[in-house]
K.L.:
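Sharing a structure with you now.
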Number of protein chains: 2
Amino acid sequence: MHRNPDPRGTCAHEETHGRPVDGDAVESRARAYAVSKGVPFTPMRQSVLALLAASGKPMSAYEIAEKVSDARKLKAVQVYRALEFLQEAGCVHRLASRSAYFACDHLHGERETAVFMVCAQCGAVQEAASELVARGLRGAAKTTGFRPRHPMIEVEGECAECAGTPER
Amino acid sequence: MHRNPDPRGTCAHEETHGRPVDGDAVESRARAYAVSKGVPFTPMRQSVLALLAASGKPMSAYEIAEKVSDARKLKAVQVYRALEFLQEAGCVHRLASRSAYFACDHLHGERETAVFMVCAQCGAVQEAASELVARGLRGAAKTTGFRPRHPMIEVEGECAECAGTPER
DNA sequence: TATTGTACTGTTACAACATTACACCCTTGA
DNA sequence: TCAAGGGTGTAATGTTGTAACAGTACAATA
Ligand SMILES: [Zn+2]
Ligand SMILES: [Zn+2]
Ligand SMILES: [Zn+2]
Ligand SMILES: [Zn+2]
């Protein structure tokens, strides 16, 4: 059900599709967060974040463990620890629909509602913050007396590039 | 909310929190789908759907396998097969945020955008269809040329009952 | 300097979720 | 009778995520 599509098989122009994020910007955000929490920004955390930022696509923790070409072979549990920190720092998100993680260089207001748009063809993720969606959610919640806490919006579809080149 | 005398023993706690769906309605929808596809609506499928409808809460496949009190002990893979059919039939949804499945007696228009509101306390799920959210998503997609196909919106929070009775 | 506290690391084991593979039924229709 | 297509039962395996614990690094403190 949530097997990740094989990038090599589905998309010949992988290079054109990646949406690498600004690695430096995102790393400095992570460093700032580490300072604010009084914890170190370790090489482990740096490696995982750099890989995600460079790839620009969601990857599973096990995939990350394989691809962190840091000589050492990482175990998944180590990756999960790094991801936990990076998610707290706000520079990595988890895609529940794929059990995958990706780097993000946006600045998220505390109250923002992020929309993740995942391309079914190439796997690239685009992020948007829609006030209209946020209002809609508040409205839907109000009619049932529900108190929203953590909205999660993931849309599968086709990115502009893949829609434009329908048959690779 | 509906007349749904649970045949088998569900505990009293569940009783107060569950939001049982209309089991008959949802089963007839599943039967109609089976007919339309020329496949049988088997006892296996019926049992799984009935259990989900009666419980009114999301359950994992393994939980379902345990609780289908049908004398036989089901293996998870059998439950997954039934769930696959029931999801196609549109009477069961998967909650990605919890890797759980729940029955739904709504009629989903092809273009509707469903919002799942999951109570963090009691686990109950409420479903709503917000046109405002749908418009917001279309808007967000349009600005990036993204073609939305399967939106997935899950909001964690507290249902009216749990918010009203903080410490039951 | 020695001690303590805190957090990261490396490793093993395991829990929870999901799929693949295959043999064995059925029923339906040549 | 036979083959084809689907459902079932079972075992094995794959994937995702945590718990537990011993060891290490380092800073604050006595
Ligand atoms: Zn983001
Ligand atoms: Zn794409
Ligand atoms: Zn529904
Ligand atoms: Zn509740």
K.L.:
Is B:R45 reaching over with its side chain to a backbone N or O of B:P40, donor-acceptor style, under 3.5 angstrom?
P.N.:
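Present.
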K.L.:
Just compare C:dC8, C:dT11, D:dT10 and give me whichever is closest to any side-chain atom of B:V77.
P.N.:
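In terms of side-chain proximity for B:V77, the closest of C:dC8, C:dT11, D:dT10 is D:dT10.
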K.L.:
Please work out which of the three classes, parallel, tilted or perpendicular, describes the rings of B:F116 and B:F102, given edges at 30° and 60°.
P.N.:
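B:F102 vs B:F116 ring planes: perpendicular.
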K.L.:
Tell me whether the side-chain N/O atoms of A:Q78 come closer than 4.0 Å to OP1 or OP2 in C:dG10.
P.N.:
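It does, given that an N or O in the side chain of A:Q78 lies less than 4.0 Å from OP1 or OP2 of C:dG10.
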K.L.:
Which listed nucleotide (D:dT16, C:dC8, C:dA18) is nearest to the side chain of A:Y62?
P.N.:
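Between D:dT16, C:dC8, C:dA18, the one nearest the side chain of A:Y62 would be D:dT16.
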K.L.:
With nearest nucleotide decided by heavy atoms, which residue, B:K73 or B:R45, maps closer to the 5′ end of DNA chain D?
P.N.:
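It is B:R45 whose nearest nucleotide is closer to the 5' end.
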K.L.:
Mind checking if A:F41 touches a base, just sugar-phosphate, or nothing, with heavy atoms under 4.0 Å?
P.N.:
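If one applies the 4.0 Å heavy-atom cut-off, A:F41 turns out to touch nothing in the nucleic acid.
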K.L.:
Is any side-chain nitrogen or oxygen of B:R98 closer than 4.0 Å to OP1 or OP2 of C:dA16?
P.N.:
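So the side chain of B:R98 is outside the cut-off, no N or O lying under 4.0 Å from OP1 or OP2 of C:dA16.
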K.L.:
Whole angstrom is fine here: how far is it from NZ in B:K75 over to P in C:dA18?
P.N.:
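Spelled out: NZ on B:K75 to P on C:dA18 is 18 Å.
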K.L.:
Name the residue closer to the 5' end of DNA chain D, choosing between A:Y80 and B:P43 according to the nucleotide with the nearest heavy atom.
P.N.:
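Nearer the 5' end of the strand: B:P43.
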K.L.:
Can you figure out which of C:dC8, D:dT8, C:dT11 approaches the side chain of A:P40 most closely?
P.N.:
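Nearest to the side-chain atoms of A:P40, counting from C-beta on, is C:dC8.
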K.L.:
Rounded to whole angstroms, how far apart are NZ on B:K37 and P on D:dG5?
P.N.:
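Answer to the nearest Å: 16 Å.
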K.L.:
What is the distance, rounded to the nearest whole Å, between atom CE of A:M59 and atom C1' of D:dG17?
P.N.:
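About 17 Å, once rounded to whole Å.
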K.L.:
Can you check whether A:T42 has a side-chain N or O nearer than 4.0 Å to OP1 or OP2 of C:dC8?
P.N.:
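Answer no for this pair, as no side-chain N or O of A:T42 is under 4.0 Å from OP1 or OP2.
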K.L.:
Just the rounded figure in Å: distance from P of D:dT15 to CD of A:E63.
P.N.:
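From A:E63 CD to D:dT15 P: 11 Å.
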K.L.:
With distance as the sole criterion, is a donor-acceptor pair present between the side chains of A:H108 and A:H93 under 3.5 Å?
P.N.:
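Yes - a donor-acceptor pair under 3.5 Å links their side chains.
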K.L.:
Starting from the 5' end of DNA chain C, give me the residue, B:S99 or B:R81, whose nearest nucleotide shows up first.
P.N.:
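This one resolves to B:S99.
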K.L.:
Measure CE/A:M44 against P/C:dG10 and give the value in whole Å, please.
P.N.:
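Going from A:M44 (CE) to C:dG10 (P), I get 7 Å.
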K.L.:
A:E84 CD to C:dA7 C1': how many Å, rounded?
P.N.:
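In whole Å, C:dA7 C1' lies 13 Å from A:E84 CD.
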K.L.:
So, is B:Y101 near the phosphate of C:dA18, with a side-chain N or O under 4.0 Å from OP1 or OP2?
P.N.:
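Checking C:dA18 against B:Y101, a side-chain N or O does come within under 4.0 Å of OP1 or OP2.
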K.L.:
From the options C:dC8, D:dT8, D:dG6, select the nucleotide whose nearest atom is closest to the side chain of B:V39.
P.N.:
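Closest of the options to the side chain of B:V39: D:dG6.
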K.L.:
C:dA16 C1' sits how many Å from B:R94 CZ, rounded?
P.N.:
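Going from B:R94 (CZ) to C:dA16 (C1'), I get 12 Å.
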K.L.:
For the residue pair A:L52 and A:L83, establish whether any side-chain heavy-atom pair is separated by less than 4.5 Å.
P.N.:
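A:L52 vs A:L83: side chains touch.
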K.L.:
If you define the side chain from C-beta out and look only at heavy atoms, does anything of B:E154 sit under 4.5 Å from A:E154?
P.N.:
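Sidechains of A:E154 and B:E154: no contact.
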K.L.:
Please state how far atom CG in B:L74 lies from atom C1' in C:dA18, giving the value in whole angstrom units.
P.N.:
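B:L74 atom CG is separated from C:dA18 atom C1' by 16 Å.
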